[in-house]
Amino acid sequence: MSEITLGIIGGGQLGSMLAIAAKKLSIKTVIFCDDIDAPAQNFCDQFIAGSYDSKEKISDFINQVDLVTYEFENIPFETLNEINKSKTVLPKPSVNRLIQHRLAEKDFVNKLNIRTTRYVSIEKKSDIDALEDFLPGILKTTTLGYDGKGQYPINSINELNKIDIDFSKGYVLEKLVKLKKEISIIITRFSNNKYEIYEPIENTHEDQILKYSKIPAEINEKIFNQSKDWAMLIAEELKYVGTLCVEFFIDRNDNLYVNEIAPRVHNSGHLTINAFNVSQFENHIRAVCGLEQIPLKKISNARMINLLGDQITQYRNMQKFNNNEFFFDYLKKEIKEKRKMGHVTTLV
Ligand code: ADP
Ligand code: MG
């Protein structure tokens with residue numbers, strides 16, 4: 001068996017879980033992250049701290065790895081493109097460039113005849129007139145948002161005029177969907193029409209941050225099938241290699257909408273570690289490293305709770321867990337309000 005060293009950009013909990021999955025497959029990992037305290041350094045073989053535009057650090061990173069993947073989407077396209085000139089980057093950088101831009105992402109999804117929320121681009125103050133149609137809505141920065149950051153709920157034009165919008169950035173105003181439920185599909189694409197796809201996962205958010213996930217999702221058969229079909233179409237159209245997540249909204253009339261695409265492993269898929277024979281992380285490593293594709297088998301139904309901020313403390317102090325409970329501590333140095341600190345998966 002040939003020895004592979006995989007480079008991973010980003011050192012948060014997703015990077016940690018990718019490194020753990022890689023180790024299980026005897027793949028070495030080098031993590032490159034701009035945070036010197038990145039938790040994933042506890043789990044990888046080699047850790048490089050440096051800014052994502054440092055030529056020196058990038059070249060140090062490239063020299064140590066055979067290929068490169070990433071755990072979050074907000075990496076400068078230039079960095080990925082530069083690395084891709086000497087070492088293969090998967091998923092390919094153009095995918096990342098498309099998806100890190102909310103407007104380009106939604107245009108792409110609509111071209112596939114897949115429903116998204118109604119949206120409009122806002123670039124300047126005068127764009128705000130005549131937006132009645134999109135209200136109530138949520139104003140989102142087109143780039144760099146996550147966990148509800150860079151998002152403003154807006155009820156009226158008046159409200160919109162009152163907030164001091166920084167127009168050096170671009171925005172998308174999205175019509176608010178009257179949500180019945182949110183689900184996500186996690187899919188790993190290996191090559192043309194070769195997939196492993198997990199069943200829909202039902203997600204509950206609090207303050208725009210994921211709080212709970214569970215399988216099975218309580219949805220009808222049509223939504224079950226449509227969400228999987230749409231995720232497959234998106235992955236195929238992107239010629240994606242690796243694990244991808246599609247987040248969906250279901251409205252009160254049981255219409256399905258794509259909310260957003262995450263070109264990476266995803267928080268809602270943490271339960272795949274314990275509930276399936278192969279986790280989303282292992283599948284990602286298998287796909288990008290060209291390893292064998294193993295048919296997915298569900299082991300158990302499951303639910304997951306995210307531990308935010310100081311909710312982690314009581315779990316850290318817990319001596320014993322039940323046999324069906326799996327606690328993950330992300331080992332983040334600092335507890336911050338609403339920060340994802342760990343999670344617990346319960347097999348049910
Ligand atoms: P992030 O990049 O921060 O995950 P999302 O666009 O997924 O941003 O928004 C986070 C959450 O906010 C969603 O999962 C949903 O609960 C809520 N939300 C966002 N946009 C809408 C919308 N148009 N209608 C209803 N709820 C929304
Ligand atoms: Mg989201």
Do any side-chain atoms of residues 29-46 form donor-acceptor pairs under 3.5 angstrom with protein atoms, and if so which ones, sequence neighbours left out?
unit_1: D35; atom_1: OD1; unit_2: D37; atom_2: N; d: 2.8
unit_1: D37; atom_1: OD1; unit_2: K333; atom_2: NZ; d: 3.2
unit_1: Q41; atom_1: NE2; unit_2: I36; atom_2: O; d: 2.9
unit_1: Q41; atom_1: NE2; unit_2: A38; atom_2: O; d: 2.7
unit_1: N42; atom_1: ND2; unit_2: P39; atom_2: O; d: 2.8
unit_1: D45; atom_1: OD2; unit_2: T29; atom_2: N; d: 2.9

Taking the side chain as every heavy atom from C-beta outward, state whether [X] and [Y] have any atom pair closer than 4.5 Å.
X	Y	answer
F281	I20	no
L176	I138	yes
I234	F108	yes
V109	V246	no
Y330	H343	yes
Y70	N96	yes
R286	E282	yes
E236	N193	yes

Check: [Y] main-chain N/O paired with [X] side-chain donor or acceptor under 3.5 Å:
X	Y	answer
K332	G342	no
D166	S168	yes
K87	V65	yes
E73	A262	no
Y52	N74	no
Q280	V265	no
D251	V177	no
N259	E247	no
D60	E56	no

For atom [atom1] of [X], is the number of surrounding heavy atoms from other residues, nucleotides or ligands below 6.0 Å larger than 12?
X	atom1	value
K28	NZ	no
K239	NZ	yes
K211	NZ	yes
D207	CG	no
K194	NZ	no
R339	CZ	yes

Report whether [X] and [Y] are members of the same hydrophobic cluster (ILVMFWY, side-chain heavy atoms less than 4.5 Å apart, transitive linking).
X	Y	answer
L14	I209	no
F276	M17	no
L103	V120	no
L144	I99	no
V258	L179	no

Considering all heavy atoms of both residues, which atom of [X] and which atom of [Y] are nearest to each other, and what is their separation?
X	Y	result
N84	V89	OD1-N, 2.9 Å
P136	N155	CB-OD1, 3.7 Å
E182	H205	OE2-ND1, 3.0 Å
L135	K175	O-NZ, 3.4 Å
H266	S268	ND1-OG, 2.8 Å

I'd like to know whether R118 forms a salt bridge (charged side-chain N to carboxylate O under 4.0 Å, His left out) with D133, so could you lay out the CA-CA distance, the side-chain angles of the two residues, the decisive distance to 0.1 Å, and finally the verdict. CA-CA 9 Å; R118 296 194 50 233; D133 241 21; 3.5 Å; yes
What distance separates [X] [atom1] from [Y] [atom2], expressed to the nearest 0.5 Å?
X	Y	atom1	atom2	answer
M341	T313	CE	OG1	7.5 Å
E237	L112	CD	CG	5.0 Å
R115	L256	CZ	CG	7.0 Å
L347	F326	CG	CZ	5.0 Å
K178	N253	NZ	CG	9.5 Å
L296	T272	CG	OG1	8.5 Å

So, H270 versus Q13: side-chain donor-acceptor pair below 3.5 Å or not?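 Absent: no donor and acceptor within the cut-off.
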Can you tell me if N324 and T346 form a side-chain donor-acceptor pair at under 3.5 Å?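 On atom types as modelled, these side chains do not qualify, holding no pair under 3.5 Å.
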Any chance you could lay out the side-chain hydrogen bond (donor to acceptor under 3.5 Å, both in side chains) test for T188 and T243, step after step, and finish with the verdict? CA-CA 4 Å; T188 308; T243 296; 2.9 Å; yes
Report the C-alpha distance between F190 and E196 in whole Å, list the side-chain angles of each, state the deciding distance to 0.1 Å, and finish with yes or no for side chain to side chain contact (heavy atoms under 4.5 Å, CB included). CA-CA 8 Å; F190 285 75; E196 292 304 326; 4.0 Å; yes
For D329 and Y315, run side-chain hydrogen bond (donor to acceptor under 3.5 Å, both in side chains): C-alpha distance rounded to whole Å, both residues' side-chain angles, the deciding distance at 0.1 Å, then the answer. CA-CA 9 Å; D329 185 339; Y315 286 89; over 6 Å; no
Should the pair F321 and F327 be assigned to parallel (<30°), tilted (30 to 60°) or perpendicular (>60°) ring geometry?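 The rings of F321 and F327 lie parallel, inter-plane angle below 30°.
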For a side chain to side chain contact (heavy atoms under 4.5 Å, CB included) check, start with the C-alpha distance between I273 and T345, then their side-chain angles and the critical distance, and finish with the verdict. CA-CA 9 Å; I273 296 175; T345 298; over 6 Å; no
Applying side-chain contact (heavy atoms from CB on, under 4.5 Å) between Y198 and each of N283, I185, I187, report the one that passes.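 Of all the options given, the one that passes is N283.
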Could K106 and E174 be called an ion pair, given the rule that one side-chain N must be under 4.0 Å from one carboxylate O?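 Answer for the salt bridge query: yes.
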Find out whether the Lys NZ or Arg CZ of R189 is both under 6.0 angstrom from the six-membered ring centre of Y240 and within 45° of the ring's axis.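 Here R189 fails the 6.0 Å and 45° test against Y240.
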Is there a side-chain hydrogen bond (donor to acceptor under 3.5 Å, both in side chains) between T69 and H284 once you walk through the steps? CA-CA 9 Å; T69 189; H284 184 74; 2.8 Å; yes
Would you sort out whether K180 and D254 count as a side chain to side chain contact (heavy atoms under 4.5 Å, CB included), showing the intermediate values? CA-CA 8 Å; K180 178 171 166 184; D254 277 337; 2.7 Å; yes
